[in-house]
Protein chains: 2
Amino acid sequence: MSPTLRDVAERAGVSIRTVSNVVNGFAHVAPATRARVEQVVAELGYRPNTVARSLRQGRSRMLALVVPELDVPYFAELTRFVIEHAAARGYTVVVDQTDGDPTRERELIMNGTTANLFDGVIFSPIALGGADLRDRTVTTPVVLLGERASAVGLDHVMIDNVTAAGLATRHLIELGRTRIAAIGDQNDETRQTARLRTLGFRQAVTEAGLRVDPVLLRSTSFFHRADGAAAMAELLALADPPDAVFCYNDLLALGALRTALQHGVRVPEDIAIIGFDDIEDGRYSTPSLSTISPDKEQIARLAVELLANRLDGDTTEPVEVPADFTLQARESTLGR
Amino acid sequence: MSPTLRDVAERAGVSIRTVSNVVNGFAHVAPATRARVEQVVAELGYRPNTVARSLRQGRSRMLALVVPELDVPYFAELTRFVIEHAAARGYTVVVDQTDGDPTRERELIMNGTTANLFDGVIFSPIALGGADLRDRTVTTPVVLLGERASAVGLDHVMIDNVTAAGLATRHLIELGRTRIAAIGDQNDETRQTARLRTLGFRQAVTEAGLRVDPVLLRSTSFFHRADGAAAMAELLALADPPDAVFCYNDLLALGALRTALQHGVRVPEDIAIIGFDDIEDGRYSTPSLSTISPDKEQIARLAVELLANRLDGDTTEPVEVPADFTLQARESTLGR
DNA sequence: CTGAAAGCGCTAACAC
DNA sequence: GTGTTAGCGCTTTCAG
């Protein structure tokens, strides 16, 4: 086994208290003692046992980031920022993937199987709704990411999806498009994000004096490339296909783009496409992808700050913090 | 605070030993006792404290997966498989990102800041070389992923990069291409992967009776889209540009593809492009990307098995296990 | 089948 | 400035 405080103490001829002081960089240790202890620490290769420390102190300085899918670029990119900001506040982040599996989400957030392992959790829910979250028994602080029915009594960072979807839709309308489709609506009522984007889409279309043709509003089970590709194939098969498509994320848009080009449809000349998330893939596709760009760094920073403040004893009311977003118009709507 | 074994024991009028037995599903507990305890557990919302359990047992049933960058799709996709296979063997995986920072890699692997937190580590190194790894003091079992100077005394799962690079290169040659470039060589000698792929590339070109024009072998600092885009721009600026390019990963290839199309170069008619990793992006680009496809699921499975076996007490000599790969020829070399 | 008690490695209150 | 010690919550001998 690896050496313990006691091993070091015995060998250095001091008490474990003194070793602990040295290891933790406390002030009042005689220089000579400190030197001797440090030498023994090096000799033995002593490392503090994180687990014992956590048990004793009741905290681990570790945060969990719980996301549905790490191989969805949006989450991978967001994760980088969360790790950076957490490090700045002295926390280590471990990442957990749920696949949107309710059991797994519940396990991580509600039951607290790992409750005492992490000081706090940043959680991007898929399956768990406001009702579930409300009767959480575990007291580990949580910050929610993305859209959720409000008033769950938890801190929450999100963008205004209705406005953002409207921004994307109006961009298409301003380009002179009149027959505008949307890909990514979801019937499942826990999928708030999709519902809010549909709402923003509908509003924008209606306000422009256009009509929302129900056949142009395509539902998908997931937000993956394959779903976007399939939905676009359906749209192209229509007697009267759209001249523009708003996809609820960039993966859907990239799938849709691929299908369009494969069918010989020109983008944006025949159909303009806009996505959502501003993942790096979309900046390197041909044509490059117009998109709504949420400020991922800001989202990560806000989430970490909120959580860190709670851990520092902030007991004010839970808040909903809006994050910024911008329209990035690229070749898939503007052309070269 | 959350309730402890003692709280449950007192309330149920039994000893903590009995509660522990119930919680852990041990056999010999009288049905009546079990029922009573279970009721109190539910009432109080008792959850075992993972940290205390880890300290006591000396193991956590958690594995760390340490990768350079989660927003590199290859690692994100691999991570999914690692999580799945680890779960099948009863382990939880937490993911850690190093950015290839030597300090951070050392911290995680060598020093064992988190040593007692994880039972084992699956590590995809960037900065740390064989020499570093050899004098590791921490005894937590490690499985290495990807290329590394051998004989570091650690289990190791990798594909044969020389052969794989040769396969990609020969594919281009068989298509009748004669002026073949490579993007992704790296001067840094710790970057074994790049060196081995260059070796395979050179061998294949030479064996075909062609010449490796030094100007066609482009080094890049990283393996990102931007690096591929920049390298391709340089190649296109040559008096005598290549008619095929082998990129050392798919991100480089996607960047190169974007630049080529932007310059009005037709792919594959003017320049054929092949990548490496078979990430999902490449299946949806236009043209879709030919690539070498390492069996990521197999890599993940082997790594987890190797590690789990070590944790089960396997003390045989460390092994190097080769993983499979295949050529996926798509539109970027074959056309529609 | 169940209870009592030791102890995992550490920190922190309390002594001197 | 340093030593002694209790105890974080749990598992696990050892008794009975």
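In the text below, chain A, chain B and the rest are named by the order of the sequence lines, each starting its count at 1. All of these numbers come straight from a predicted model, not from anything done at the bench. Computed from heavy atoms alone, side chains included, the values below leave out hydrogens, waters and symmetry copies.
Spacing between atom CD of E10(A) and atom P of dG9(C) amounts to 13 Å, rounded to whole angstrom units. For the pair R47(A) CZ and dC8(C) P, the computed distance is 22 Å after rounding to whole Å. With rounding to whole Å, R59(B) atom CZ is found 16 Å from dC10(D) atom P. Taking atom CD1 of residue I16(B) and atom C1' of nucleotide dG3(C), one finds them 10 Å apart after rounding to whole Å. Between the P atom of dT11(C) and the CG atom of N24(A) lies a distance of 5 Å, rounded to the nearest Å. Atom CZ of R53(A) and atom P of dC8(C) are 18 Å apart (whole Å). At whole-Å resolution of the value, CZ in R34(A) and C1' in dT2(D) are 13 Å apart. Following rounding to the nearest Å, R36(A) (CZ) and dT2(D) (C1') show an atom-to-atom distance of 11 Å.
In this structure, T33(A) reaches the sugar-phosphate backbone alone: every heavy-atom distance under 4.0 Å involves primed, P, OP1 or OP2 atoms, never a base. Across all strands shown, R17(B) has heavy atoms under 4.0 Å from base atoms, whether or not it also approaches the sugar-phosphate. Counting non-hydrogen atoms under 4.0 angstrom, V14(A) reaches the backbone sugars and phosphates but no base.
When distances run from any side-chain atom of A52(A) to the nucleotides dT11(C), dG9(C), dT4(D), the shortest one goes to dG9(C). The side chain of V29(A) sits closest to dT2(D) out of dT11(C), dC10(D), dT2(D). In this structure, of dC10(D), dC10(C), dC8(C), it is dC8(C) that holds the atom nearest to the side chain of L55(B). Of the listed nucleotides (dT2(C), dG9(D), dT11(C)), dG9(D) has the atom at the smallest distance from the side chain of R56(B). Considering only side-chain atoms of S15(A), the nucleotide from dT2(D), dG3(C), dT11(D) that sits closest is dT2(D). Ranking dT2(D), dT11(D), dC10(C) by closeness to the L5(B) side chain, first place goes to dT11(D).
With no hydrogens or angles considered, a side-chain donor-acceptor pair links E297(B) and H85(B) at under 3.5 Å.
Looking only at distances, no side-chain donor or acceptor of S124(B) sits under 3.5 Å from a matching main-chain atom of V67(B). Looking at D99(B), its side chain never comes within 3.5 Å of a backbone N or O of D101(B) through a donor-acceptor pair.
Contact check, T4(A) against dG9(C): no side-chain N or O comes under 4.0 Å of OP1 or OP2. Neither OP1 nor OP2 of dT2(C) sits under 4.0 Å from any side-chain N or O of N21(B). Using a 4.0 Å cut-off, no side-chain N or O of S54(A) falls inside it from OP1 or OP2 of dC10(C). Distances shown here put a side-chain N or O of S20(B) below 4.0 Å from the OP1 or OP2 atom of dT11(D).
A salt bridge does not link R301(A) with E84(A): none of the charged nitrogens is closer than 4.0 Å to a carboxylate oxygen.
With rounding to the nearest 0.5 Å, the separation of CG in D71(A) from OG1 in T79(B) is 8.5 Å.
The minimum heavy-atom distance linking M62(A) with Y91(A) is given by the pair N-CD2, 4.2 Å.
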